[in-house]
Amino acid sequence: ATEQATNSGFLSNVQVTTDPSVQQMPSVAVNPLDPNHVVLTYLDYSLVDTGYAGIGVSVSRDGGEHWQTSSVPIPKPFAEGAASPVVKFDDRGQLFVTYSAATFLGDKPAITNPDFFNADLGISERSFGTESHNGVFITSSLDGGVNWSAPAAVSANEYDGENAVNFELSPDLAIDTFPTLPTGEPNPNYGNLYVVWTRLYAAGQFPGEPESTGGGDLMIAVSRDAGQNWEAQFADFDGTNRPVLQLPINFGTEVPSGLSVADQPHIDIGPLGDLYVSGFWGNNFAVLHSTNSAQSFTAADLNSGHGLVFGTDFTATVNADGLPNNRFRTHSVRAIAADPTQSGRAFAVEPLPVFDTFGNQVDP
């Protein structure tokens, strides 16, 4: 829903979707050239007949009062189901959507981006992705969300029926919209698109760990031509030259397939073109920083706490009576935003465990 101002000054909800099927996981963007131009993308189960979801789009040109619908194309080998759409405008009004998609050729999970662990099966359903055609893709629209370009693959894998593949999930997108640096000089990275995502490995495939049982990495890729071509950048923290946001611990050994110590990244860009990438690092909320267009990153440090937003003590103590609406479900999101007006400043938000005065955990 979107909220529309009324004559009385209050806000009322406007229904965006009317199809009786399920629409969920929305992402919203506002055109910087026209604040009345609003675009929503979301999972839409009415678009495919596989039991999974396609990606719907709703476009408003009047601040949310009326909506026009379309859908994002998904490449055929991967089109069984999509997940995790993210929509962003650049500063010239061009629209981009990134998402993950998969066609499962072995066991089929309940959703395209499966649960971390299925207690009934005793495994993570995300392990099913290692026997799938899957990838992270991006598409763009020059008319504000009605028509869409053919998707480009940021990273894609096709399963041959024998050799397990990587499973690419949970993408996020940032666009460098600063034509000049604060010094007045041209920004050499202006217009760059950056996509971060989670890569999960099958047993034995974690780089540098032939005995690995699973694990994963935070990945990043950059496009310098409006999303048509992508290249992975190196964050070389341990000399292995892996094209990943690599953290200086081993992630693949004794981690079940489908699970990862590093997971669910988010990204934003400051006015100097520097990148901030947040994500899970075990139970920690880590933020990595790059000043050279993702060629390298400053790593978080568990010992000093550098780069760990809330430190290593991930708790908060409040009086539960102070949370009158504390019976809602929240999800760890690792949300981050760079200050667009001041270099070197970023903001982060996360639901933390909350304990009452007796030490009992209540909702965040």
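- Between Pro271 and Phe178, some side-chain heavy-atom pair lies under the 4.5 Å cut-off.
- Under the 30°/60° scheme for interplanar angles, the aromatic rings of Phe167 and Phe104 are found to stand perpendicular.
- Closest of all the heavy-atom pairs between Asp339 and Arg345 is OD2-NH2, 2.7 Å.
- For the residue pair Val59 and Val57, the shortest heavy atom distance occurs at CG2-CG1, 3.9 Å.
- Remark: His133 engages no residue in a ring-ring contact (aromatic ring centres under 6.0 Å, His included) (not counting sequence neighbours).
- Electrostatic pairing of Asp263 and Arg199 does not count as a salt bridge here, judged by no charged N lying under 4.0 Å from a carboxylate O.
- When atom types are taken as modelled, the side chain of Ser100 and the backbone of Leu169 share no donor-acceptor pair closer than 3.5 angstrom.
- Counting all heavy atoms, side chain and backbone alike, Pro265 lies closest to Leu218 at CD-CD2, 3.8 Å.
- Here the side chains of Gln205 and Asn166 are in contact, with some heavy-atom distance below 4.5 Å.
- In terms of heavy atoms, Ser290 sits closest to Ala294 at OG-N, 3.0 Å.
- For the pair Leu272 and Pro182, the minimum side-chain heavy-atom distance is below 4.5 Å.
- Rounded to the nearest 0.5 angstrom, Glu125 CD and Asn118 CG are separated by 4.5 Å.
- Within a 6.0 Å radius of CG in Asn360, more than 12 heavy atoms belonging to other residues, nucleotides or ligands are found.
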Open item on the list: Using the rule given for side-chain contact (heavy atoms from CB on, under 4.5 Å), can you reason through Ile269 versus Ile175, listing the C-alpha separation, both sets of side-chain angles and the distance that settles it, and then say yes or no?
Closed with: CA-CA 7 Å; Ile269 300 176; Ile175 306 171; 5.6 Å; no

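- Minimum heavy-atom separation, Ser170 to Asn113: OG-ND2, 3.2 Å.
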- [ ] Please assess Gln264 against Arg334 for the test side-chain contact (heavy atoms from CB on, under 4.5 Å), listing each intermediate value before the final yes or no.
- [x] CA-CA 8 Å; Gln264 299 189 66; Arg334 299 308 196 257; 5.7 Å; no

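- Looking only at side-chain heavy atoms (C-beta outward), Leu193 and Ile138 come within less than 4.5 Å of each other.
- In summary, of the residues considered (Leu288, Asp268, Ile220), a side-chain contact (heavy atoms from CB on, under 4.5 Å) with Leu275 occurs for Ile220 alone.
- The salt bridge (charged side-chain N to carboxylate O under 4.0 Å, His left out) contacts involving residues 18-45 comprise nothing, where partners must be two or more places apart or lie in separate chains.
- Residues Ser293 and Arg224 have side chains in contact (heavy-atom distance under 4.5 Å, counting atoms from C-beta outward).
- Note on Glu80 versus Lys108: salt bridge recorded, some NZ/NE/NH1/NH2 to OD/OE distance being below 4.0 Å.
- Residue Pro186 comes nearest to Pro188 through the heavy atom pair O-CD, 3.3 Å, listed as atom of the first residue, atom of the second, then distance.
- Between the side chains of Ser223 and Asp225, at least one donor-acceptor pair of N or O atoms lies under 3.5 Å.
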- [ ] With side-chain contact (heavy atoms from CB on, under 4.5 Å) as the test, would you mind laying out the steps for Tyr45 and Gln24 before giving the verdict?
- [x] CA-CA 9 Å; Tyr45 283 78; Gln24 59 187 196; 3.6 Å; yes

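- Applying the ring-ring contact (aromatic ring centres under 6.0 Å, His included) rule to Phe137 yields the partners Phe78, Tyr99; only residues at least two apart in sequence or on another chain are considered.
- Side-chain contact check for Thr17 and Gln23: at least one donor-acceptor pair (N or O, by modelled atom type) lies under 3.5 Å.
- Using modelled atom types and a 3.5 Å distance limit, the side chains of Asp274 and Tyr276 yield a donor-acceptor pair.
- With rounding to the nearest 0.5 angstrom, the OG atom of Ser60 is 8.0 Å from the CD atom of Glu65.
- If you check the side chains of Tyr190 and Asp91, you find a donor sitting under 3.5 Å from an acceptor.
- When side chains are defined from C-beta on, Asp107 does not count as touching Pro109, because their heavy atoms never get closer than 4.5 Å.
- In terms of hydrophobic clustering, with Ile, Leu, Val, Met, Phe, Trp and Tyr side chains grouped at heavy-atom distances under 4.5 Å, Val222 and Ile267 are assigned to a common cluster.
- Counting only heavy atoms from C-beta outward, the side chains of Val39 and Phe89 approach each other to under 4.5 Å.
- Residues Asp217 and Tyr201 have side chains that bring a donor and an acceptor to within less than 3.5 angstrom of each other.
- The closest side-chain donor-acceptor pair between Thr69 and Ser58, if any, does not fall under 3.5 angstrom.
- Distance CG/Leu47 to OG/Ser71: 5.5 Å, rounded to 0.5 Å.
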Open item on the list: Val287 vs Ser278, test: side-chain contact (heavy atoms from CB on, under 4.5 Å). Steps then yes/no.
Closed with: CA-CA 4 Å; Val287 175; Ser278 66; 4.1 Å; yes

TODO: Could you walk me through whether Phe285 and Phe280 pass the ring pair (Phe, Tyr, Trp, His ring centres under 6.0 Å) test, one step at a time?
DONE: CA-CA 5 Å; Phe285 185 164; Phe280 281 86; 8.2 Å; no

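- The shortest side-chain heavy-atom distance between Val154 and Trp197 falls under the 4.5 Å cut-off.
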